[in-house]
Amino acid sequence: MQDATLPRPAMLGIDLGTTNSLIAVWQDGRARLIPNALGDVLTPSVVSLDEDDSVLVGKAARARLTTHPQRTAAAFKRFMGSEKRLELGDRSFSPEELSALVIGALKQDAEAWLGHPVEEAVISVPAYFSDEQRKRTLFAAELAGLKVSRLINEPTAAAMAYGLHEQTFERTLIFDLGGGTFDVTVLEYALPLIEVHASTGDNFLGGEDFTEALLQACLKDWRLTPAQIDVQAMASLGDALEQLKRKLADGPQSLSWRHGDTPYEWTLDEAGALKIWEPLLARLRAPIEQALRDARLKPRDLDSLVLVGGATRMPAVQQMVATLFGRLPHRHLDPDTIVALGAATQAACKARDGAIEELILTDVCPYTLGISTRRSDEITGAFAPIIERNTVIPTSRVQKFYTTHAYQNLIRIEVYQGERPWVRDNIFIDAFDVEVAPSEQTQELDVRFSYDINGLLEVDVTLLATGERHSHSIDRSPTGLDEQARQASQERLTALKTHPRDTLPNRTLLARLERAWAQSLGDERQRIADWLDAFTTVLAGQRPSEIASQRNRLNEALDQLCL
Ligand code: AMP
């Protein structure tokens, strides 16, 4: 029984994005976005180390990508699940440690807004995230001191938020193109039931690749190679191309950039961009076709199309989708915020909030899970599927196997995920041994996989001759991370100083002014230098109301200059 006098834990949802992250809370029968210290609901997923080694997360850090690229990291979600380390000054961090700093900043924002500590949240992940990437996300939350009540697939979270707003959708395809990942989900609304039929995607395809393609094309036109350009100049060019990409919908765009004493110009229109992006647009088609095939639907069977993720704002992507499906996509809800709202909605469902108890969601396992087998003396390492992709979860499936030779006393079970016939081409998940009493005959065994709604897998092996059963829970800690490595991560983060939340708006403006100074020239640069001096003087005066009014004025002026 729950004590009625205790406040209910906040029902929070986090969208941990490649480019931006958001936190939302379910309150008074609806999901609301929580603003950060700057009053924004989008917090850039960027981390920077200040000169005194204190951590900056969000807009201030993003501004420092141009001015201090060697002390700043962005888009690290792309490396989640790998052993990559990112250097910030003379320290190095794993992608999950950097993600923990972003989650920690969102947690702090929620605590400041709600007025009490928060302990748990639903976190969204790309549907096509592997087992290891999911484990690393859980570990990032643990490092940030947050318990994850459920991992929800991003398109499924979007579907939940849409489910609350729309009552008419039936068969729907959710096309989710974020900064670094692409997911396609086919689902059916029969409210209160939301049933996911198929989910597929590409973990290495997103809006950042479209910017990168522009960068390569523009360097080629200028006959420059990346090796000739220093880190800071490259960061400022990347920044300028990101702005150019976002403005292409308004007509042809020009870009000016200096390298040493040489000025460079580049002009691009939508048709030119389409040519550069053709290979990326082609890569978006395969997952769509696979999701429809798995759901046994043709494009004409769909009742609606929903676009999610910031990169679906690109006209080139909208056009490609419209041509493929012969209709215009439905997108009146904000593609940037819908996932966080859906994650908070899921938190409310989990907490059985009165206003939402009705919504029931069924999701699928987006990839095939199975074990390594030997088909003959020649053929080893073949992949034997046990749970096929797009099986509704939770699920429990069993397959019969045999020992390979007489007097075998040990069976090695190696678990993999993937869609290729040989295990060497799939992703290794875990392995364990089962002892058997040697016998002159080969023995039969049942291997059962049970997969729950969070993507937790349990494997049971039953020896049919004796009925003996061995259970094995797949280890939830990231592969290759022992207790010592986990503690080292924790210590690395606790050793860092964080910027006090109330000084962040000033720190962010200073970072924006420095970036604007770096990006401008001549009279404009002089004007920004004057603003920088004026703001530094006001800060030294320590009068809060004067600082706030000057800050608002300068932020607006920078917004107008689009810097
Ligand atoms: P998300 O991870 O969903 O926040 O998506 C961020 C991605 O959306 C980044 O790659 C951005 O470049 C891209 N994006 C956001 N707004 C626009 C826009 N107006 N035009 C083109 N791309 C955009």
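A quick note: this is a predicted structure, and the numbers were derived from the prediction, not measured. As the structure lists them, so they are numbered: ligands from 1, and atoms in each ligand from 1.
Across P126, G310, P44, heavy-atom proximity to atom 3 (O) of ligand 1 is greatest for G310. Among G17, A311, G206, G207, the residue whose heavy atom lies nearest to atom 8 (O) of ligand 1 is A311.
Atom CZ in F182 sits 10.5 Å away from atom CZ in R283 (nearest 0.5 Å). Rounding to the nearest 0.5 Å gives a distance of 11.5 Å between CG of L215 and CG of L244. E208 CD to T181 OG1: the interatomic distance, rounded to the nearest 0.5 Å, is 10.5 Å. One distance of note links CD1 of I528 with CG of L558; it measures 6.5 Å at 0.5 Å rounding.
When only non-hydrogen protein atoms are considered, atom 19 (N) of ligand 1 lies nearest to R313 CD, 3.5 Å. In terms of protein heavy-atom proximity, atom 9 (C) of ligand 1 is nearest to T19 OG1, 3.6 Å. The protein heavy-atom contact nearest to atom 4 (O) of ligand 1 is N20 ND2, 3.8 Å. Closest to atom 12 (O) of ligand 1 among all protein heavy atoms lies E242 OE2, 2.5 Å. Shortest contact from atom 21 (C) of ligand 1 to any protein heavy atom: M314 CG, 3.4 Å. Nearest to atom 22 (N) of ligand 1 among the protein's heavy atoms is K245 CE, 3.6 Å.
Where the criterion is an N or O separation shorter than 3.5 Å, residue side chain and backbone included, T211 fails it with respect to ligand 1. Ligand 1 has a nitrogen or oxygen under 3.5 angstrom from a nitrogen or oxygen of G179. For D336, no nitrogen or oxygen atom sits less than 3.5 Å from a nitrogen or oxygen atom of ligand 1, counting backbone and side chain alike.
Side chain of E111 to backbone of V118: a donor-acceptor contact under 3.5 angstrom is found.
Under the salt bridge (Lys or Arg N to Asp or Glu O under 4.0 Å) rule, E96 has a single partner from R85, R134, R136, which is R136.
Which parts of ligand 1 touch G309 is read off a 4.0 Å heavy-atom cut-off, strictly below it: atoms 3 (O).
Using the six-membered ring where Trp is involved, W266 and W222 have ring planes that are perpendicular, over 60° apart on the 30 and 60° scheme.
Taking the ring centre of W26 as origin, the terminal cationic atom of R32 falls outside the region bounded by 6.0 Å and 45° from the ring axis.
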